[in-house]
Amino acid sequence: MSLAQVHYTSAAPGDEGAAGRFTAVGPGVSGALLAEIEPLVRYELPDGVPERPSDGELRALPQAFGYFTLSDGSRLVVRSAPVRDTGGTGAGVRFHAHAVHLPPGVPLPGDRLPVEAWRSPHWVAVTPGGATPDPLSLPPGPAAVSEGLDDFAVSRGPWLAAVLADLRRASDAEAAGRPVALVERQCADVARWLGLASVTLPRESAERLTFTTYTRRPESSASRVVGVGPEDAGAARAAGLRVHECAGPAPAGSTGDVWATTAARVWRSRSPELFREARELPGEPFAAGPLAVTALCAGVTLGPDERAAAAGWAADRPYALDAKRTGQLVEAIASPGIDDRTGPEFDAAGRLFGALEGHCPASVTAPLAAMLVTEAVRGGNGSLELPRRDAFAGPEGAEVAERLGPEILTELADTVGSRSVARTVQLLRVARLLGVDGTESLPGVVDRLAPALLAETSAAAHEGPPGFAPALLELLDEQFEVRTALLGALDRIAPQDPGAVARFLERVALPFTGTQALPHLRMCAEVPEAMATLGGDRAAVWHRVLRAAGLSPFAEPLVLRTAVGLVWEDRAPTVEEARLLLDAATSDSHRVAGTWARLVDAALSTSTAGTSATGTSATGTSATGTDEAARLAHDLLRGFPAEIGGRERAGLLLLDLVRELRTGAPEPGWAERVRTLCAQAEPVEPALRERAHAALVERLLAPDRPGAELYDFVHGADAELIAAYDRTARTASVRARLRTQPAYAADCFTVWTAHPHAGRAWPPVAAALLNDVLRPAVRGMSAEDVAEVEATVGRTGSSGRADAFRNWNRSSTLGRLGRRIAGRVRRG
């Protein structure tokens, strides 16, 4: 089929206001299309062109070869070239554009790509005779694309991957990204880039790649690929194009596009025929896997990302390659000369081995198996999918075992260096694969592995199973002896930190349903469900967890420690709970388990609720809890006399003294014992100190207290104790007793006036109590009660003391009488 052609020539010198004109238009090209074509065929000379260039200089000027899509779906292939102006003086430079119009769906002759018309000898620089040229065929030039492309690709090695990646994006039918600008000194090199693209890309992608090899205005170009000279690179960059300065220094860094990187390596190996072979394999058009597989089978050296892509593709399609190419691929991936393998590459190789195992002879997959276990031992890659044991049944396995066995045993026996859980698990699994006997080192390995499991699980920031969990469970499933030893080690350390073991078992479901007793592990596994079912009833949770052990605390006291640690991990038991624990086992069992310390904590922490002298706490609660704590303290001091010492013993003794002060007959020297025990219990809890002081002064304020205790208290000059006495004496209960019990009022008058020279702390407190507490109480009594107070003071003291009370009371009466008279005078 003949194609319509168009010729356009720039305006002659002196033609004002015109850029150029169409000199010939073939049939079928409408005027509307000509308006759209005109800006596409214009040409602008580069800077610095001589006014009268020589023939050589004229030939050196760039030619704009372009391929465009028009609004009606038709396409245009055009060459715009500078020509000498033969009119006038014959010295100027004009340009001539020769275009071929391709109607929708009509290809170039021979079904060639547009770029293949680049070197056609049929491009002309003059308008043919006649106003309308005859339709002419435009066969492509000889070897238009393939000639010299290998050398060009090698010369542009540093830019290959990045440019091919952008050309692929530019050819995407859905792409709406920025155009690509190729900066070259020669426009022919831009055409060669497009030639590389026509070979590398699938045909439909290459046909979508509109381009121009030269423009001075990249910002206004309608093409997806534009060629610019170095002087216009800045303008292209300012316009937001994706600029590749192939005429400048080599770029640094990687593109991150595995397909483009693979394609670049194929070009540098001068093997463009591999692109056609790769397109025959299944997969997406720009998937790296088919191209990487084809390249590796042809002996092309690839990098780790490309090898990983090849292995991953083949793992997903183990039947896509014949036996020969499968062997070539395995040999290339497992080559011993490769020293830059990465974790993802090993993971892909492991998947490939799993896909080929059982499908190919062992002799084919043996290199992969050897590579994987070698990496597992020497590279420390704990995430590898290891081969099955039968992969090493032949001579290849014996050779690998002989090489790696000593290294495995040496590392497993090392108890000094740090080794992760994943590493230990991997070494144990590889040892079994290769038949390496590690029986002697197993006890030490599991003793080190068990606490490491807890530590790494606790350190993991995310929820859910830790990363080593799948491999660990596979190890325990594969090796009975390791499972037995590891579960036993975890059961032994569970009493030391049962909470950590319970949290570990929540995230890693270990298989311990066999015949091993494992009482502590069973308790740790039971506690989450028990807490979820029984809620806040910690006593019930404790009973259920203890039953899960299957052992009595009398037979195995350590189950007490595990149960207490699970239920009261971050808190002390209450007094009631501590009483339950104390009664659940003998003191010997608690002594062996070490749980007596938790009971001490319960007694001391319960004592910090803080009670007033009335037996009520600051929050309004009764002192029953304190009394229970004091009774618990008494029992603990009897049950564990040798274990409890230091400030804890002093605190418990202080609690026991509070009990004796309130309910019994403590040994003499109350005040001194309170002071001494508070000092020994330092840092004593403020609430416990307050309780001890309150119990002491309540007893000192009682009518039946021994006089010697009161004397010691007053002359001890302890400011804190005297202040507590003052606070208690001012409470409502004491004031009520003073008003209603004359004998008690007489006793307090005697005490508060008996020691006027007892240090500095007591006299002002006693004087204030006489005025602020006793005087209002006596003032409110009847005359008979006041007389009884006076008589009681005289009987229990002396006649002088009775006179003192009479004078003290008279001064109060006179004071009241004087105030009444003064009031009457003011009213008069």
Would you indicate whether the side-chain heavy atoms of C246 and D189 approach each other to under 4.5 Å? no
Closest non-hydrogen atoms of V29 and A4, given as atom of the first, atom of the second and distance, are CG2-CB, 4.0 Å
Do the side chains of T262 and V300 get nearer than 4.5 Å, heavy atoms only? no
Donor-acceptor contact present, side-chain W313 to main-chain P282, <3.5 Å: yes
Please identify each residue that fulfils side chain to side chain contact (heavy atoms under 4.5 Å, CB included) with R351, with sequence neighbours left out. A315, D316
Answer yes or no: is there a side-chain heavy-atom contact under 4.5 Å between Y67 and S223? no
Nearest 0.5 Å, what's the CD-CG distance between E277 and L291? 10.5 Å
So how far is it from Y319 OH to H359 NE2, rounded to the nearest 0.5 Å? 5.5 Å
Does a side-chain heavy-atom distance below 4.5 Å link R203 with R279? no
So, does S80 use its side chain to make a donor-acceptor pair with the main chain of R42 at under 3.5 Å? no
Is there a side-chain contact (heavy atoms from CB on, under 4.5 Å) between W193 and L149? Walk through the geometry before answering. CA-CA 9 Å; W193 276 116; L149 282 185; over 6 Å; no
Salt bridge or not between D172 and R169? Use side-chain N to carboxylate O under 4.0 Å. no
Ignoring hydrogens, what is the shortest heavy-atom contact between L281 and V293? Give both atom names and the distance. CD1-CG1, 4.5 Å
Would you mind checking if E280 and R276 are paired as a salt bridge, meaning a charged N to carboxylate O distance below 4.0 Å? no
Heavy-atom distance under 4.5 Å between the side chains of H7 and V126, does that happen here? no
Applying side-chain contact (heavy atoms from CB on, under 4.5 Å) to L296 and Q328, what does each step give before you reach the verdict? CA-CA 8 Å; L296 287 174; Q328 291 172 336; over 6 Å; no
Hits for ring-ring contact (aromatic ring centres under 6.0 Å, His included) against F22, two or more places apart or cross-chain, chain-then-number order -> Y8
For a quick test of reading the model, state the closest non-hydrogen atom pair linking A309 to A288 and the distance between them. CB-CB, 3.9 Å
Salt bridge present between R208 and E204 (N-O < 4.0 angstrom): no
Any sub-3.5 Å donor-acceptor pair from R242's side-chain atoms to L182's backbone N or O? no
Any salt bridge between R270 and D151, counting N to O under 4.0 Å? yes
Residues that S271 engages under side chain to side chain donor-acceptor pair (under 3.5 Å), provided they are two or more places apart: S269
Check the pair M371 / R341 against side-chain contact (heavy atoms from CB on, under 4.5 Å), numbers first and verdict last. CA-CA 11 Å; M371 181 191 77; R341 293 187 178 95; 3.3 Å; yes
Could you walk me through whether E44 and R217 pass the salt bridge (charged side-chain N to carboxylate O under 4.0 Å, His left out) test, one step at a time? CA-CA 9 Å; E44 188 175 349; R217 303 186 184 278; 3.1 Å; yes
Go through E36 and S71 one step at a time and tell me if the side chain to side chain donor-acceptor pair (under 3.5 Å) criterion holds. CA-CA 8 Å; E36 188 177 349; S71 59; 2.7 Å; yes
Indicate yes or no for a side-chain donor-acceptor contact from R216 to the backbone of L45 under 3.5 Å, with no hydrogens or angles considered. yes
Can you find a heavy atom in the side chain of T212 that is under 4.5 Å from one in the side chain of S221? yes
Side chain to side chain donor-acceptor pair (under 3.5 Å) with W267: which residues, sequence neighbours excluded? T200
Heavy-atom pair with the smallest gap, counting every atom of I333 and I338: O-CD1, 3.9 Å
Which atom names give the shortest non-hydrogen contact between F65 and P114, and what distance separates them? CZ-O, 3.4 Å
Taken to the nearest 0.5 Å, the spacing of L61 CG from C187 SG works out to 9.5 Å
For A236 versus A181, what's the shortest heavy-atom pair and its separation? CB-CB, 4.0 Å
Spacing of E331 atom CD and C297 atom SG [to the nearest 0.5 Å]: 10.0 Å
Return the CG to CZ distance between L433 and R429, rounded to the nearest 0.5 Å. 7.0 Å
Between F68 and T210, is there a side-chain heavy-atom distance shorter than 4.5 Å? no
Is it true that a side-chain atom of R168 and a backbone atom of L201 form a donor plus acceptor pair closer than 3.5 Å? no
Can you check side-chain contact (heavy atoms from CB on, under 4.5 Å) on L113 and L108, steps first, answer last? CA-CA 7 Å; L113 291 170; L108 282 170; over 6 Å; no
Between atom CG of L3 and atom NE2 of H101, what is the distance when rounded to the nearest 0.5 Å? 9.5 Å
How about L164 and W159: do any of their side-chain heavy atoms sit closer than 4.5 Å? no
Taking S10's backbone N and O only, do any of them form a donor-acceptor pair with R94's side chain (distance below 3.5 Å, no angle check)? yes
Ignoring hydrogens and angles, tell me if any N or O in the side chain of E306 forms a donor-acceptor pair with the backbone of G303 under 3.5 Å. yes
Side chain to side chain donor-acceptor pair (under 3.5 Å) filter on E357, not counting sequence neighbours, yields none
Any side-chain to backbone donor/acceptor pair from R178 onto G240? Under 3.5 Å, distance only. yes
Mind checking ring-ring contact (aromatic ring centres under 6.0 Å, His included) for Y214 and listing every partner two or more places apart, or none if nothing turns up? Y43
Under 30°, 30 to 60°, or over 60°: which ring-plane class applies to H98 and W123, parallel, tilted or perpendicular? perpendicular
